[in-house]
Amino acid sequence: MRNVFARLNKKNSKSRKNANDPKLPLISAMIFALLAGAMLPLSLSPYEWWWFALISPAIFYVLLNNRSTKQAFWIGQSYGFGLWTVGGFWLYTSIHVYGDTPMPLALGMIAFVGIGMGLFNAIQTALYRRFFGHSPLTFAPLWVFAEWTKTWIFTGFPWLFAGYAFTTYRLDNFAPLAGIYAVSFVVIFIAASLVEIAKGRLFWALPSLLLIAIAVGLGQVQWTSPKKSAPLTVSLIQGNIPQDLKWLTEYQGETLAIYATLSQKEWGRDLVVWPESSIPLFQADVQPFIDAVAKHAAQSNSAWVTGIPYAELNTYNPATNSYDEFYNAIMAAGKDSHGLYKKQRLVPFGEYVPLSGTLKWVLPSLKNDVSMTSFSAGGSNQKPLNVKGHRLAAAICYEVAYPNLTRNNAQRSDFLVTLSNDAWFTGTDGPWQHLQMVQMRAKENGRWFIRATNTGVTAFINPQGHIERMLKQDVRGVLRGDLPAMQGSTPYMRFGDWPILIISGLLLLLGGWVKRSSSPRRR
């Protein structure tokens, strides 16, 4: 009899083991993971098929079930590679078209970026399978930490976050409470919960529905409010200067003439804004032009904000006929207006070049293009621009991808302003993904965001993160708006990313403790 029970127990144990084995071979799981990763960018702008932000991580979650740490690593690597090669393919235009890099090498560089950024997902999933039980309550926190680390490791590349898919789609109401990572947490938690619900574990519907209900309720909260002062009348100038002409010496005078002409009818409004590097010369080389525009603005009772390369005059080096320190900057001038903001977060290979001396064979345009030389990084805690009694917190181009940097700049501000030049990525998804990040920053900080660009997308974005008005891409024109100054602060402005990071950390500690202390059945 004992032998019979032993054989039955052995058979049942084997059946349970087979039932828990992964259903797909590793190579098949990696292919499905790659396709799932490639699916996520479709949830972002310009497509905004938000449901892919649930389907993609849900497939990823399924593929990780009952995998070893090593298998999970390769599945995560495949997912990240699919995500970044598709979602970040806009880099190809800047590398190949404007960087003069041969097509095979440019494609290889895109693949290299996909592999490098895929490591975040690979490490995330390896840790997930090694230390934590398979649950939405551990899957979502680890996703948050993976996104968070992308903002600071190797200067950061904080792009393609899952939470951006729900900009203006209810779940973004968590943004002013705890930032983009909180939105991503909710999205990933719901995605994983849907898988559990499909398996018959209906209790996961309760926390998912609760989070949705909270998001709807948060939408009724007004964290900031307009000031009683008159709205600021603003004109944004979109010069539409082609990237291949922008930095040519022989085209600099034409560029200045285009912006001056477009602005003629706008003087008299409170604020006229030109985009990033709209003046393609150092201030010392074009000071008479700057003085003339600033004087005309002041006489018209207008403020003027423009992007300009700014050189520290005391760092001029006669031996090299150049400045040792120069910045991508924003300056304010005109009526009762002043200030200078120096960009803090520089774009690798765009504004500074790691190992530039050895990489000119990869990017030939490094030799003569001022936009591709080594800018210096501005300091932290810079003061807002002063514009006719209002404080404008500035961000230049890529900086709006960094939630905490924008939050720090937004302290004690009435408006947010960002200047950009997305001509590097004309005709790709890049400018639209970039705009979506600006929308989320406006929502997080409860401020109007003024966005002036060279080729688009130039827009006014309200404190709810909605686009109020915008210009079409690749056209030369002016966008006008009347914007109220905002007062007050959101919880995110006060506490930053810490609340969601602490909550995620506690959930992971609990998940790790449960795995170590409980049997598989109890887990």
Find the distance between [atom1] ([X]) and [atom2] ([Y]) and round it off to the nearest 0.5 Å.
X: K150; Y: F120; atom1: NZ; atom2: CZ; value: 7.0 Å
X: L142; Y: I188; atom1: CG; atom2: CD1; value: 11.5 Å
X: T418; Y: Y398; atom1: OG1; atom2: OH; value: 13.5 Å
X: L171; Y: L218; atom1: CG; atom2: CG; value: 10.5 Å

Taking [Y]'s backbone N and O only, do any of them form a donor-acceptor pair with [X]'s side chain (distance below 3.5 Å, no angle check)?
X: Q433; Y: L160; value: no
X: K246; Y: S277; value: yes
X: R469; Y: G481; value: no
X: S420; Y: T453; value: no
X: Q238; Y: K472; value: yes
X: R447; Y: L416; value: no
X: R407; Y: M493; value: yes
X: Y402; Y: G156; value: yes
X: E147; Y: A162; value: yes
X: N409; Y: A393; value: no

Side-chain donor-acceptor pair present, [X], [Y], cut-off under 3.5 Å:
X: Y79; Y: Q124; answer: no
X: Q473; Y: D422; answer: no
X: T167; Y: Q439; answer: no

Would you find more than 12 non-hydrogen atoms of other residues, nucleotides or ligands less than 6.0 Å from K199 atom NZ? yes
Scan V113, N121, L119 and name whichever one has a side-chain contact (heavy atoms from CB on, under 4.5 Å) with M117. V113
With a 4.0 Å cut-off on N to O distance, would you call E444 and R441 a salt bridge? yes
Show the nearest heavy-atom pair for residues [X] and [Y], with the distance to one decimal.
X: I59; Y: A36; value: CG2-CB, 3.9 Å
X: P176; Y: T490; value: O-CB, 3.4 Å
X: F161; Y: S184; value: CB-OG, 4.2 Å
X: L346; Y: A377; value: CD1-N, 3.8 Å
X: S193; Y: W204; value: OG-CE3, 3.8 Å
X: L24; Y: R67; value: O-NH2, 2.8 Å

So, using salt bridge (Lys or Arg N to Asp or Glu O under 4.0 Å) as the criterion, who are the partners of R476 when residues are at least two apart? none
So, using salt bridge (Lys or Arg N to Asp or Glu O under 4.0 Å) as the criterion, who are the partners of R201 when residues are at least two apart? E196
Residues pairing under ring-ring contact (aromatic ring centres under 6.0 Å, His included) where one sits in residues 428-470, two or more places apart or in two chains, turn out to be W159-H434
According to the side chain to side chain donor-acceptor pair (under 3.5 Å) rule, which pairs have a member within residues 34-52, sequence neighbours left out? Y47-D429
Parallel under 30°, tilted from 30 to 60°, perpendicular over 60°: which one fits the rings of W90 and F425? perpendicular
For the pair F139 and F60, name the ring-plane relationship: parallel under 30°, tilted 30 to 60°, perpendicular over 60°. perpendicular
Considering residues at least two apart in sequence or located in another chain, which fulfil the side chain to side chain contact (heavy atoms under 4.5 Å, CB included) criterion with S278? Y259, W274, P275, T306
Consider side chain to side chain donor-acceptor pair (under 3.5 Å). Of N421, N328, N454, which one does E276 pass it with? N328
Strictly by salt bridge (charged side-chain N to carboxylate O under 4.0 Å, His left out), give each pair with a member in residues 158-176 just once, sequence neighbours left out. D172-K443
